[in-house]
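Mind looking over this structure? Questions follow.
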Amino acid sequence: METTKILIIGACGQIGSELTLKLREIYGIDNVIASDIRKGEQEVFQTGPFELVDAMNFDAVAALVDKYKIDEVYLMAALLSATAEKNPAFAWDLNMNSLFHVLNLAKEGKIKKIFWPSSIAVFGPTTPKHNTPQYTVMEPSTVYGISKQAGERWCEYYFNKYGVDVRSIRYPGLISWKTPPGGGTTDYAVDIYYKAISDNKYTCFLSENTELPMMYMDDAIRATVGIMQAEKENIRIRSSYNLAAMSFTPKEIAEAITKEKAGFEISYQPDFRQAIADSWPSSINDSSAREDWGWEHDFDLESMTKEMLKNLS
Ligand code: AKB
């Protein structure tokens with residue numbers, strides 16, 4: 001039987017670490033090479049092949065692809081929205097150059113398939129806020145959003161022009177008890193569960209009625225594997241697919257926690273991330289993903305809250 005050799009770049013991050021474990025379960029430990037610029041604290045480098053690599057170094061990435069005869073690359077390395085605002089030039093370099101490197105390797109026939117994550121950050125203040133359609137006004141106002149939107153355009157271009165099989169999802173905020181997020185605007189929805197367990201109270205950096213699209217990590221991993229395993233002709237959108245599961249405000253997540261943990265208290269001290277959140281949609285229409293490759297979510301706010309509190313306790 002033919003084996004699929006996979007390289008994950010950015011394997012120690014929030015999505016990468018869980019994705020690596022899932023892909024190793026599906027494709028076999030030795031067929032999934034995890035890589036990152038540093039080892040991080042996650043299990044990924046202890047449970048199978050691991051390589052140190054700088055995603056911005058074309059020769060180093062090309063050497064890894066060659067060494068392991070890689071078929072598919074999942075490019076998860078990126079600076080997220082809040083961190084990117086603090087270092088715009090570096091964020092642009094990392095987010096764009098790493099993408100060009102894998103797109104060019106695929107163009108040269110050295111990789112067969114690419115997964116590249118986009119984000120709800122591609123939308124901006126002029127986008128319709130509720131039930132945001134797949135195709136709509138996109139004027140992102142953050143460095144991260146600009147890099148993701150440009151990346152989407154390049155993915156579609158490489159598909160149309162060179163036949164590169166690149167697949168992408170616009171992730172909403174992702175919530176997991178296994179790996180903490182790093183530098184996003186939606187991170188509060190993870191922090192709040194940690195603080196509910198340790199202190200039974202939380203000070204939120206967004207205001208109480210800021211509604212954002214969110215997803216439990218198990219669903220996000222299933223979506224990622226799902227789009228990569230879908231038949232090529234079913235992937236009709238080669239920029240990036242809208243993807244949704246739930247939307248809630250800080251007040252609503254606090255209420256869900258209070259149902260499970262009596263006495264939980266939330267207070268609000270919005271900071272610079274409020275402006276980023278205000279520029280994003282509050283809910284997403286993901287009917288194209290559901291129709292084209294059968295996307296369905298499992299978790300809502302209530303079931304996710306139960307899982308988060310049970311596992312963090
Ligand atoms: C962030 O908050 O920057 C990310 C995202 C929505 O892409 N979680």
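Atoms within each ligand, like the ligands themselves, are counted from 1 in listed order.
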Of Asp187, Thr185, Thr186, the residue with the heavy atom nearest atom 8 (N) of ligand 1 is Thr186
Specify the protein heavy atom at minimum distance from atom 5 (C) of ligand 1: its residue, its atom name, and the distance to 0.1 Å. Ser119 OG, 3.5 Å
Atom 3 (O) of ligand 1: the protein heavy-atom neighbour that sits closest, reported with distance to 0.1 Å: Ser81 OG, 2.5 Å
Can you confirm whether the side chains of Ser118 and Glu152 place a donor and an acceptor under 3.5 Å from each other? yes
Can the ring centroids of Tyr241 and Trp293 be said to lie less than 6.0 angstrom from one another? yes
Whether Tyr74 and Phe115 hold their rings parallel, tilted or perpendicular, with breakpoints at 30° and 60°: tilted
Partner set under salt bridge (charged side-chain N to carboxylate O under 4.0 Å, His left out) for Glu211, not counting sequence neighbours: none
What do you reckon, does Tyr171 have a nitrogen or oxygen under 3.5 Å from a nitrogen or oxygen of ligand 1? no
Trp154 and Phe100 aromatic centres sub-6.0 Å: yes
Using the ring of each side chain (for Trp, its six-membered ring), is Tyr158 parallel, tilted or perpendicular to Tyr162, with breaks at 30° and 60°? perpendicular
Within ligand 1, which atoms have a heavy atom of Leu80 less than 4.0 Å away? 3 (O)
For ligand 1, which atoms, with element, lie under 4.0 Å from some heavy atom of Ile120? 6 (C)
Subset of ligand 1 atoms that lie under 4.0 Å from at least one heavy atom of Trp280: 1 (C), 2 (O), 3 (O), 6 (C)
